[in-house]
Amino acid sequence: MARKYVYANQKGGVTKTTTAVNSAVMASLCGKRTLLVDMDGQGNSTYALGYNPDGLEHIVYTVMQGSSTIGQALKPTYFDPTTGVFFDPREGKVMEALGITSVQQARRGPDLLPNNILASSADSELQENPTWGILLRTIVQEVEEQYDEIYIDTNPSLGKLTVNALYSAQHVVIPMTPETWSTQGMIALARSVMQAQKANRHLGVAGILFTRVRYASHQDVMEYVRGRLLPDIHARYSSLDMSCFDAVIHEGAAFGEAANSRTNIILSNPYSSFALEYWRYYIELLNRTGCEGLHIAMQTYQRLFKLYEEDRVKKKDAKDAKKQSSPLTERGE
C-alpha cells in the first residue's frame, strides 16, 4: 500500500506546490514509484512537471466527475537530465530546444494526475453528488498498488477539493511561512483535519514545515507557534498530535528561477543549501511517518552534502586567489 501525503494550508504562497513537487521528485530519485496528484485548479503542479494545464482534456477533476477514466488522465513525466527541466513528450519544439530527440534520452519523473481551471467550479458542481467527499479516495484506491508514495497538492482553501485530499491521505504536511497572517488560520485547519478523521481514521498530521524563512521576525513567529499556538490547538483538540519539523526551508531566489524554468531546486541546484534543506525535510518525513527508504535518502543526502562542501571550498579558494592577485594586493594597499 502506498504512503499518501497531502500538503494543505488555506493560506496561499506558503510553498505547498513547491514542497509537494520537490517531495515527489526526491522520492522518485530514491527509486520509489511515485505519483503526484494536483488538486489545485490553478494547475501549478501540472505545469511544474512539464504539462500545459489548459491544454489537457482529461484531468483528475474530470475523473472525479466521471467523464474521464484514470487511465486517460494519468501522465508520465520526463525531465532533461542535464538541466532538470520537465517537458511534455508531445511538444517536439520544447524537446528540440533542450537538445532531446526522444524520451529515451530523458529521465522519468513522478507520474502525474494533472488538473486545470475546470476544477475551480468544484465547490458548486460537486454539491449534488452525495459521495463528493470520497471521489478522490476512490480514484487513488484504483492505482495505489502501483506506487510506493503518493503526494497530493491542494489549493489554498478548505473547500471540497481539499476535503477530498484529506479523505484520501494518511499524513498531512502543513507548509507554513512564519508570519502572523499564516498563524491565524491554523485553528480552522486543525478543526478540518479533526473532522476529516471521522471519515478517514488513518489520517494524522506529519507536522508543520516552516518555509520561506528569512527574517529575524520569522524566528519569533516560529517560537510563538511552538510555544503558544500548538498548545492552544492541543487544548482544543486533545487527540490531534501536531508538532513542527526540525527541518526548515529558507527563502531564496533560486526557487523562483527554478519554477520559471519548469524545474525544481532538487534538480536545478542539487547540492545547494536549499536542496539540502529539502532533503533533510524528506528524511525527517520518512522518520516521522515510518516510511521505507530512509537509508537511500540518507545516502543521497550525504553524497550531495559532500559535493556542497567541496563546492564551498572551491569558491573560497577562487575568491582568495582573486583577492591575492588584485592590483591593490600587489601594491600592499
Is the number of heavy atoms from other residues, nucleotides or ligands within 6.0 Å of [atom1] ([X]) greater than 12?
{"X": "Glu145", "atom1": "CD", "value": "no"}
{"X": "Glu309", "atom1": "CD", "value": "yes"}
{"X": "Asp241", "atom1": "CG", "value": "no"}
{"X": "Arg288", "atom1": "CZ", "value": "yes"}

How far does [atom1] of [X] sit from [atom2] of [Y], to the nearest 0.5 angstrom?
{"X": "Leu276", "Y": "Ile283", "atom1": "CG", "atom2": "CD1", "answer": "9.5 Å"}
{"X": "Leu286", "Y": "His295", "atom1": "CG", "atom2": "NE2", "answer": "13.0 Å"}
{"X": "Ile59", "Y": "Lys75", "atom1": "CD1", "atom2": "NZ", "answer": "11.0 Å"}

Would you confirm whether [X], through its side chain, and [Y], through its main-chain N or O, come within 3.5 Å as a donor-acceptor pair?
{"X": "Thr154", "Y": "Tyr7", "value": "yes"}
{"X": "Thr131", "Y": "Ile134", "value": "no"}
{"X": "Arg236", "Y": "Ala190", "value": "no"}
{"X": "Ser28", "Y": "Ala24", "value": "no"}
{"X": "Gln10", "Y": "Gly185", "value": "yes"}
{"X": "Asp54", "Y": "Ile117", "value": "no"}
{"X": "Thr77", "Y": "Pro110", "value": "yes"}
{"X": "Arg137", "Y": "Asn164", "value": "no"}
{"X": "Gln170", "Y": "His202", "value": "no"}
{"X": "Arg107", "Y": "Pro81", "value": "no"}

Distance only, no hydrogens: is a donor on one side chain within 3.5 Å (strictly under) of an acceptor on the other, for [X] and [Y]?
{"X": "Glu179", "Y": "Thr177", "value": "no"}
{"X": "Tyr278", "Y": "Thr19", "value": "yes"}
{"X": "Thr289", "Y": "Tyr5", "value": "yes"}
{"X": "Thr46", "Y": "Asp38", "value": "yes"}
{"X": "Glu125", "Y": "Tyr61", "value": "yes"}
{"X": "Thr263", "Y": "Ser268", "value": "no"}
{"X": "Lys160", "Y": "Gln127", "value": "yes"}
{"X": "Tyr271", "Y": "Asp311", "value": "no"}
{"X": "Thr162", "Y": "Asn155", "value": "yes"}

Discussion item. Tell me which one of Lys316, Lys322, Gln324 satisfies side chain to side chain donor-acceptor pair (under 3.5 Å) with Asp320.
Written reply: Lys316
Fill in: side chain to side chain donor-acceptor pair (under 3.5 Å), paired with Ser45, selected from Asp153, Asn115, Thr18
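Exactly one pass, corresponding to Asp153.
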Discussion item. Name the residue from Ile150, Asp111, Asp148 that meets the side chain to side chain contact (heavy atoms under 4.5 Å, CB included) definition with Arg33.
Written reply: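 With Arg33 as partner, side chain to side chain contact (heavy atoms under 4.5 Å, CB included) holds for just one option, Asp148.
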Practice prompt. Give the cluster check for Leu98 versus Val103: same hydrophobic cluster or not, with ILVMFWY residues linked at side-chain heavy-atom distances below 4.5 Å.
Written response: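 Yes, one cluster joins them.
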Worksheet item: Charged N to carboxylate O under 4.0 angstrom, Asp232 versus Arg228?
Response: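 Result for this pair is no, no salt bridge flagged.
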Listed pairs under 3.5 Å, donor-acceptor, residues 216-223 side chains, sequence neighbours left out:
residue : atom : partner : partner atom : Å
His218  : ND1  : Arg214  : N            : 2.9
His218  : ND1  : Tyr215  : N            : 3.3

Discussion item. Once side chain to side chain donor-acceptor pair (under 3.5 Å) is applied, do any residues pair with Glu251, and if so which ones, sequence neighbours excluded?
Written reply: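 By the side chain to side chain donor-acceptor pair (under 3.5 Å) rule, Glu251 matches Arg212.
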Practice prompt. Mind telling me whether Phe86 and Phe79 have parallel, tilted or perpendicular rings, with 30° and 60° as the class edges?
Written response: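 Ring orientation of Phe79 relative to Phe86: tilted.
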